[in-house]
Amino acid sequence: MSSSRIVDAPPSVPAARSATVVLDGSGLGVEDVVRLADGSARPVPAPEAMRRVEESWNTARRLAATGRVYGRSTGVGANRNEDVSSPAPAPGEPPRAADDHGMRLLRSHAGAVGEELPARQVRAGLAVRANQLLAGGAGLRPSVVTALCEALESGAYPVVNEFGSVGTGDIAGLAQVGLALAGEHPWRGAGAPAPRRLDNNDALALISSNALTLGQSTLALHELRGLVGATQVVAALSLFAVDGSHEAYAAPVHAARADRGSAEAARRMRVLIGAADRPTPPLGRIQDPYGFRCLPQIHGPAHDAADALERVLEVEINAAAENPLIVPEDRSAYHHGGFYAARLGLALDHFRLALTQVARLSTSRLATLNEPAYTRLRPFLADAEPAASGVMILEYAAAAALGDLRAFSAPASLGHAVLSRGVEEQASFASLAARQTLRACGAYRLVVGCELVAAVRALRLRDLRPDPGLPAGRAFALAEPVLGTDPADRPLTDDVAAAAALLDRFTDIWRGSAS
């Protein structure tokens, strides 16, 4: 979906950073943000976008010097009606009190609390904010954009703490970024940009954004969408292990029900397992448990939810949603609520709920793999020792991880807050939704890792090897040398950890099934 331009870098750039992402305020995509967060690409602000920033900055300064503009010549929140201008300012210049107001605003709002955010999350937020500023509606000095790009280039990032946003702007975390740019707040890593003082035309203009929440959301979407695909590859191995039917993925079934997501999930399963569009019915059982039979109807909506979230993100990371919005053509500052992140919070909640159903289906297949009626093996895929437990404990471990995932899926959009003396009487809690979605990544991996360990063991014990020419066969070839071969009762912690780590490579296999 992204329209941002990826171009070759000069030979002097290290191979790991052989591309540049051109930031123009309109074409940044989710994958671009991930590359910038990982440091595998360098940001380059587009010249025409920088000209927009300068024009917006000049307009904002003129407006603040001659009239009342929220956060520039007035206080913020419940203080919105308090004038911070001194009498008799110098002609054409913002007054001294308003000039000081910018730094006082940053200092007072840089009160985020909790753990420091990881570098990758902060860098994603810096990338989003730089691109949003280049959309030209913020009205802050162009050197701030340059400084953000310098930080992304060098790898330095400001200390930003976890809590401080309720989904109406990441004002606390971004105020910490602003103080870091001004030299009053610490950086991590080498190569921090040179300090620059920010004034009343920079402070609110910088922090009036959900950039950190959006950065976290892009990272979570990128990882979890890949993991949902990897889960389908694991499901294909489980299907082989239980001699599962191909009928649930038959093309006529999905042609009869016009649901694009389910039909695509079924088509990919046919590719993964080498099934015909119109498979021959099996001679044995008539139909499989839901873990196999309903996979298209559960994976399809999860991918649809991921696509919907991406559409929301690509609107927001390219939006000039600052309050007030500076419009040079109108010579105006428009006060509005475009920063309110209701759509983002709802999209994140929807995605997590869909994701939890996919994980729950994985635990269903794990239970089926433990049943002799489906595998023709001993219960729990155990060895020949009397009362051996085999992989019994994996059901408990997967259920425990699924419990965390279920808790993370509680809708954050149900939250409510009345703040700043009642002036700000709603909150989207999109910031909480983003944190919950990030936290879902680890629990989700462990659930599916448990299924992968059991599926590979079942295939080994049955001496089955999917055709190595099939995507599922390639997945088995990746997993077999990594996972332990001893079927005797033993701790499976390391096996599950290795299986969870393998899922990223399974994601590549799933992506290869797109055509």
Side-chain angles (χ1 to χ4, degrees), residues 1 30 33-34 114 117 121 124-125 128 162-170 173 209-229 231 259-262 265 297-317 319 321 337-363 401-419 424-445 447-448:
M1 293 184 184
V30 167
V33 174
V34 173
L117 292 180
Q121 293 181 32
V128 170
E162 184 175 20
F163 299 113
S165 172
V166 293
T168 58
D170 297 328
S209 164
N210 294 291
L212 295 171
T213 294
L214 291 164
Q216 291 173 316
S217 300
T218 59
L219 297 178
L221 172 62
H222 175 78
E223 180 172 353
L224 286 167
R225 175 155 51 191
L227 289 175
V228 173
T231 303
D259 182 77
R260 184 192 63 82
S262 297
Q297 290 74 23
I298 291 175
H299 280 239
H303 286 294
D304 289 346
D307 290 344
L309 175 56
E310 181 171 17
R311 287 193 293 272
V312 171
L313 287 169
E314 293 197 342
V315 167
E316 298 298 335
I317 64 182
F339 53 83
Y340 193 87
R343 188 174 295 278
L344 174 62
L346 291 167
L348 287 163
D349 284 352
H350 176 202
F351 180 49
R352 290 195 315 284
L353 287 167
L355 187 81
T356 300
Q357 292 214 17
V358 174
R360 196 164 60 199
L361 205 68
S362 174
T363 65
L402 182 63
D404 267 24
L405 189 56
R406 192 163 49 241
F408 296 146
S409 296
S413 53
L414 291 176
H416 180 59
V418 178
L419 304 167
E424 298 172 3
E425 74 281 19
Q426 281 279 0
S428 74
F429 282 96
S431 49
L432 172 59
R435 291 195 302 272
Q436 287 176 307
T437 310
L438 275 172
R439 287 167 180 160
C441 296
Y444 185 96
R445 279 183 183 275
V447 171
V448 182

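Basis for what follows: all heavy atoms, side chains included, without hydrogens, waters or symmetry-related copies.
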Asker: Closer than 4.0 angstrom, basic N to acidic O: yes or no for Glu310 and Arg225?
Answerer: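 Between Arg225 and Glu310 there is a salt bridge, with a charged N closer than 4.0 Å to a carboxylate O.
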Asker: Closest heavy-atom contact between Ala359 and Val447?
Answerer: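 Here Ala359 and Val447 meet closest at O-CG1, 3.5 Å.
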Asker: Is the backbone N or O of Ser431 less than 3.5 Å from a side-chain atom of Asn210, with the two atoms forming a donor-acceptor pair by type?
Answerer: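 Not a single qualifying donor-acceptor pair exists.
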Asker: Do Val128 and Glu316 have side-chain heavy atoms sitting under 4.5 Å apart?
Answerer: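 No, their side chains stay 4.5 Å or more apart.
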Asker: Under the 3.5 angstrom rule, does the side chain of Asp170 hit a backbone N or O of Ser165 as a donor-acceptor pair?
Answerer: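 Answer holds: no.
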Asker: Taking the side chain as everything from C-beta on, heavy atoms only, tell me whether Val448 gets closer than 4.5 Å to Leu227.
Answerer: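 They are not in side-chain contact.
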Asker: Would you tell me whether Ser262 and Asp259 have side-chain atoms, one donor and one acceptor, within less than 3.5 Å of each other?
Answerer: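 There is such a pair between these side chains.
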Asker: In a table with atom names and distances, give each donor-acceptor pair under 3.5 Å that connects a side chain of residues 402-410 to protein atoms at least two apart or in another chain.
Answerer:
{"from": "Ser409", "atom 1": "OG", "to": "Arg352", "atom 2": "O", "distance (Å)": "3.3"}
{"from": "Ser409", "atom 1": "OG", "to": "Thr356", "atom 2": "OG1", "distance (Å)": "2.4"}
{"from": "Ser409", "atom 1": "OG", "to": "Leu405", "atom 2": "O", "distance (Å)": "2.9"}

Asker: Can you see which heavy atom on Ala305 is nearest to which on Ala354, and at what distance?
Answerer: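 What the structure gives for the nearest pair is CB-CB, 4.1 Å.
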Asker: Closest approach of Gly338 and Ala321, non-hydrogen atoms and distance?
Answerer: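 Heavy-atom minimum between the residues: O-CB, 3.7 Å.
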Asker: Who passes ring pair (Phe, Tyr, Trp, His ring centres under 6.0 Å) against His303, sequence neighbours left out?
Answerer: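 Counting only residues at least two positions away or on another chain, His303 forms a ring pair (Phe, Tyr, Trp, His ring centres under 6.0 Å) with Trp510.
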Asker: Report the distance from atom CD of Gln436 to atom CZ of Phe351, rounding to the nearest 0.5 Å.
Answerer: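 Taking CD in Gln436 and CZ in Phe351, the distance rounds to 13.5 Å.
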Asker: Atom CD1 of Ile298 and atom OG of Ser362: how far apart are they, to the nearest 0.5 Å?
Answerer: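 The OG atom of Ser362 is 11.5 Å from CD1 of Ile298, to the nearest 0.5 Å.
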Asker: Under 4.5 Å between any side-chain heavy atoms of Thr437 and Ser217, yes or no?
Answerer: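 Thr437 does not reach Ser217 side chain to side chain.
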Asker: Looking only at heavy atoms, which two atoms of Gly300 and Ala265 are closest? And how far apart?
Answerer: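 Closest heavy-atom pair between Gly300 and Ala265: N-CB, 4.1 Å.
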Asker: Return the minimal non-hydrogen interatomic distance between Leu346 and Ser413, and the atom names on each side.
Answerer: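 What the structure gives for the nearest pair is CD2-OG, 3.7 Å.
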Asker: So, taking the atom named CG in Leu214 and the one named CG in Leu219, what distance separates them when rounded to the nearest 0.5 Å?
Answerer: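 So the gap between those two atoms works out to 11.0 Å.
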Asker: Between Leu212 and Gln121, does the side chain to side chain contact (heavy atoms under 4.5 Å, CB included) criterion hold? Intermediate values first, please.
Answerer: CA-CA 7 Å; Leu212 295 171; Gln121 293 181 32; over 6 Å; no
Asker: With sequence neighbours left out, what residues match Arg360 under salt bridge (Lys or Arg N to Asp or Glu O under 4.0 Å)?
Answerer: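 With neighbours one apart ignored, the set is empty.
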Asker: Atom NE2 in His299, atom CG in Leu361: separation rounded to 0.5 Å?
Answerer: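 With rounding to 0.5 Å, NE2 (His299) is 5.5 Å from CG (Leu361).
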Asker: Could you pull out the closest heavy-atom pair between Ala443 and Ala401, with the gap in Å?
Answerer: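 Closest heavy-atom pair between Ala443 and Ala401: CB-O, 3.6 Å.
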Asker: Could you tell me the separation between the CZ atom of Arg343 and the CG atom of Leu348, rounded to the nearest 0.5 Å?
Answerer: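 So the gap between those two atoms works out to 13.0 Å.
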Asker: Would Arg439 and Glu162 pass as an ion pair if we require N to O under 4.0 Å?
Answerer: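 Yes, this pair counts.
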Asker: Working to the nearest 0.5 Å, report the span between CG of Leu353 and CG of Asp349.
Answerer: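 Going from CG on Leu353 over to CG on Asp349, the span is 6.5 Å.
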Asker: Show, in sequence, the C-alpha distance, side-chain angles and deciding distance for Tyr444 and Thr231, and conclude whether the side-chain hydrogen bond (donor to acceptor under 3.5 Å, both in side chains) test is met.
Answerer: CA-CA 10 Å; Tyr444 185 96; Thr231 303; 2.6 Å; yes
Asker: Within a strict 4.5 Å, meaning less than it, do heavy atoms of the Val30 and Leu309 side chains meet?
Answerer: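 Result no, sub-4.5 Å side-chain heavy-atom pair not found.
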